[in-house]
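Quick note on labels: first sequence line is chain A, next is B, and so on, each numbered from 1.
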Amino acid sequence: MLDIQALRNDLDQVAARLQARGYALDIAAFNRLEQERKTAQTQTQDLQAKRNTSSKQIGIAKSKGEDVSAILAEVAGLGEQLKANEARLADVQAELQSLLLNVPNLPHSSVPVGKSEADNVEVRKVGTPRRFDFEIKDHTDVGTPLGLDFDTGAKLSGARFTLMRGQIARLHRALAQYMLDVQTEQHGYTECYTPYLVNRETLVGTGQLPKFEEDLFRTKSLNTSLDFEDNELRDLQTAFQSGDFDDTLTRMSSWFDRQGGLYLIPTSEVTLTNTVRDEIVAAEALPIKLTAHTPCFRSEAGSYGRDTKGMIRQHQFDKVEMVQIVHPESSYDALEQMVGHAENILKALELPYRVVLLCTGDMGFGAAKTYDLEVWLPAQDTYREISSISNCEAFQARRLQARFRNAQGKPELLHTLNGSGLAVGRTLVAVLENYQQADGSVTIPTVLQPYMGGLQAIRA
RNA sequence: GGAAAGGUGGCAGAGUGGUCGAAUGCGCCGGACUCGAAAUUCGGUAUAGCGGUCUCCGCUAUCGUGGGUUCAAAUCCCACCCUUUCCGCCA
């Protein structure tokens with residue numbers, strides 16, 4: 001969420017910076033809502049002040065045993081007027097809030113302006129892709145004989161699910177364990193175990209909601225009664241029959257909320273970052289560095305047909321996440337550090353990769369600056385995203401009301417950063433493809449061998 | 001799932017319709033005392049929004065959340081959420 005003061009004072013400049021990332025801010029709508037808000041708020045507050053003083057007078061008069069009918073007559077009807085004004089103010093503020101919740105973050109000045117992936121800037125390339133003296137296979141062909149089973153995954157759950165058996169399941173676990181150990185032992189992150197199901201508020205805090213509901217999986221509790229109230233059902237029916245689908249969805253969603261429906265996390269950035277929601281942390285506690293190995297669940301709506309083969313794009317994948325919660329002055333240092341923390345994993349695994357600085361048009365909703373790490377996949381003859389590290393500045397912190405006490409003792413918004421360190425599934429893909437041998441076996445990277453019981457290669 | 005208790009400031013905890021944003025204690029900040037510290041003592045100490053004559057002042061909101069009653073709600077009523085304890089079930 002952007003600072004509403006920035007929008008009030010500098011609307012044109014903010015709009016121009018948003019334009020750079022392809023977001024058209026509705027300036028007229030904002031101005032109109034702000035105008036309405038201003039009048040509604042001053043009028044409401046005047047009425048409230050009038051009510052408060054009159055009520056106080058009544059209290060004083062009564063304690064003295066005086067007659068209060070004159071003052072009572074004065075405030076007659078004030079209640080109705082006040083109620084109407086308060087309702088109008090609440091409406092306008094809700095509208096402003098929802099407008100604000102849907103505006104993406106401002107890009108940092110060092111971010112290249114661009115429209116798409118094509119405008120991203122390669123920062124550096126590390127490692128040399130291996131030369132193969134045999135015909136290389138992609139990870140599905142390498143992995144299938146070793147226990148990668150897409151058919152069973154599909155049988156159990158559907159497309160974009162995978163079952164792993166035997167050595168390859170162990171390799172997957174070894175990768176996650178290794179990454180977690182490096183992040184905790186070498187980079188100073190605190191290991192966390194977090195819930196995989198979270199409430200709505202948590203997802204609003206990190207920015208997945210309200211805008212990206214369709215990217216998430218949502219559950220509902222079966223223990224509660226699923227009955228609608230009679231009038232609710234009638235209203236829902238009316239909304240549906242009149243073809244007002246927005247209204248229908250709103251009503252269903254509000255009903256759903258009351259059923260205790262929780263969402264599956266799309267990344268543990270959500271849970272780790274939300275640990276500081278509604279907190280005022282001590283400045284000495286900064287930076288807070290957290291890591292977790294969790295599954296991530298994504299509906300992948302709108303990506304039909306993309307990466308349908310293999311385990312590049314799954315509904316469920318594991319990830320070791322890094323989150324830093326820092327003083328605003330050090331967030332850009334922290335961003336560079338975190339890129340290094342993710343790179344160290346790739347270096348240790350001896351996987352060739354490149355670091356890419358995302359352009360304004362390719363960044364995520366909450367990011368002010370993002371680096372992607374892309375790993376070399378020989379079968380695709382290209383680099384593919386394996387990590388994404390972002391500085392969200394105060395964008396999430398403002399939604400979360402996550403603050404610290406500054407030198408003046410005043411609460412001030414923190415900066416939040418998150419990054420993958422790394423995506424485990426895609427790392428497995430990279431290992432399978434880069435370490436494949438002519439005989440169909442896969443060599444185990446040296447650093448993983450202790451996690452594999454000393455095994456140097458896996459074979460069918 | 002059943003029963004009970006409870007959710008108040010950074011923390012502990014009082015307040016059960018009226019000058020209550022809220023006693024008191026702890027913590028924190030500043031002063032006094034002291035060579036210095038501790039102890040003692042005095043004063044200060046929430047957040048957000050709006051407005052102004054804008055290093056200051058005024059107004060408004062906030063006592064789990066949402067609604068209701070009332071001229072007036074931390075306090076009364078309703079619904080929900082959460083926490084704790086006991087019982088049941090359970091990995």
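- For the P atoms, the distance linking B:C71 with B:G13 amounts to 37 Å, nearest Å.
- Listed by chain and number, the residues in a side-chain hydrogen bond (donor to acceptor under 3.5 Å, both in side chains) with A:N52 amount to none (sequence neighbours excluded).
- One P atom belongs to B:G88, the other to B:G17, and the distance between them is 41 Å to the nearest Å.
- Under the side-chain hydrogen bond (donor to acceptor under 3.5 Å, both in side chains) criterion, the residue pairs touching residues 99-108 of chain A are A:H108-A:S110, with sequence neighbours excluded.
- The side-chain hydrogen bond (donor to acceptor under 3.5 Å, both in side chains) analysis of residues 72-85 of chain A, with sequence neighbours excluded, yields no pairs.
- With sequence neighbours left out, A:F161 forms a ring pair (Phe, Tyr, Trp, His ring centres under 6.0 Å) with A:H315.
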Scan nucleotides 57-65 of chain B against the protein and return all N/O pairs shorter than 3.5 Å with their distances rounded to 0.1 Å.
unit_1	atom_1	unit_2	atom_2	d
B:U60	OP1	A:N52	ND2	3.2
B:U60	O3'	A:Q48	OE1	3.2
B:U60	O2'	A:Q48	OE1	2.8
B:A61	OP1	A:R51	NH2	2.8
B:A61	OP2	A:N52	ND2	3.4

Could you write out each protein N or O paired with an N or O of nucleotides 15-22 of chain B at a distance under 3.5 Å?
unit_1	atom_1	unit_2	atom_2	d
B:G18	O6	A:K62	NZ	3.1
B:G18	N2	A:S55	O	2.9

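- Mapped onto RNA chain B by nearest heavy atom, A:K83 and A:Q93 fall at different nucleotides, with A:Q93 at the one closer to the 5' end.
- Separation of the C1' atoms belonging to B:C78 and B:U24 is 34 Å when rounded to the nearest angstrom.
- When Watson-Crick and G-U wobble pairs are counted only if both distances are under 3.5 Å, B:A37 pairs with no nucleotide at all.
- Comparing B:A3 with B:A61, their C1' atoms sit 38 Å apart, to the nearest whole Å.
- Partners of A:D181 under the side-chain hydrogen bond (donor to acceptor under 3.5 Å, both in side chains) rule, at least two apart in sequence or in another chain, are A:Y451.
- For residues 392-403 of chain A, the pairs satisfying side-chain hydrogen bond (donor to acceptor under 3.5 Å, both in side chains) are A:E269-A:Q396, A:Y332-A:E393, A:Q396-A:T416, with sequence neighbours left out.
- Judged as a salt bridge (charged side-chain N to carboxylate O under 4.0 Å, His left out), and not counting sequence neighbours, the contacts of A:R277 are A:E201.
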Considering only nitrogen or oxygen atoms on both sides, find all protein atoms under 3.5 Å from nucleotides 45-48 of chain B and state each distance.
unit_1	atom_1	unit_2	atom_2	d
B:U47	O3'	A:R403	NH1	3.3

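- The interatomic distance linking A:R277 (CZ) with B:C82 (C1') rounds to 12 Å, in whole Å.
- As rounded to the nearest Å, B:C26 and B:G44 have P atoms that lie 16 Å from one another.
- Pairs passing the salt bridge (Lys or Arg N to Asp or Glu O under 4.0 Å) check and including a residue from residues 316-341 of chain A, sequence neighbours excluded, read A:K319-A:E321.
- Ring planes of A:F395 and A:F365: perpendicular class, angle over 60° (limits at 30 and 60°).
- Taking all atoms of both residues into account, the shortest heavy-atom contact from A:L422 to A:S387 is CD2-CB, 3.8 Å.
- Residue pairs meeting the salt bridge (Lys or Arg N to Asp or Glu O under 4.0 Å) criterion with at least one member in residues 156-166 of chain A, sequence neighbours excluded: A:D149-A:R165.
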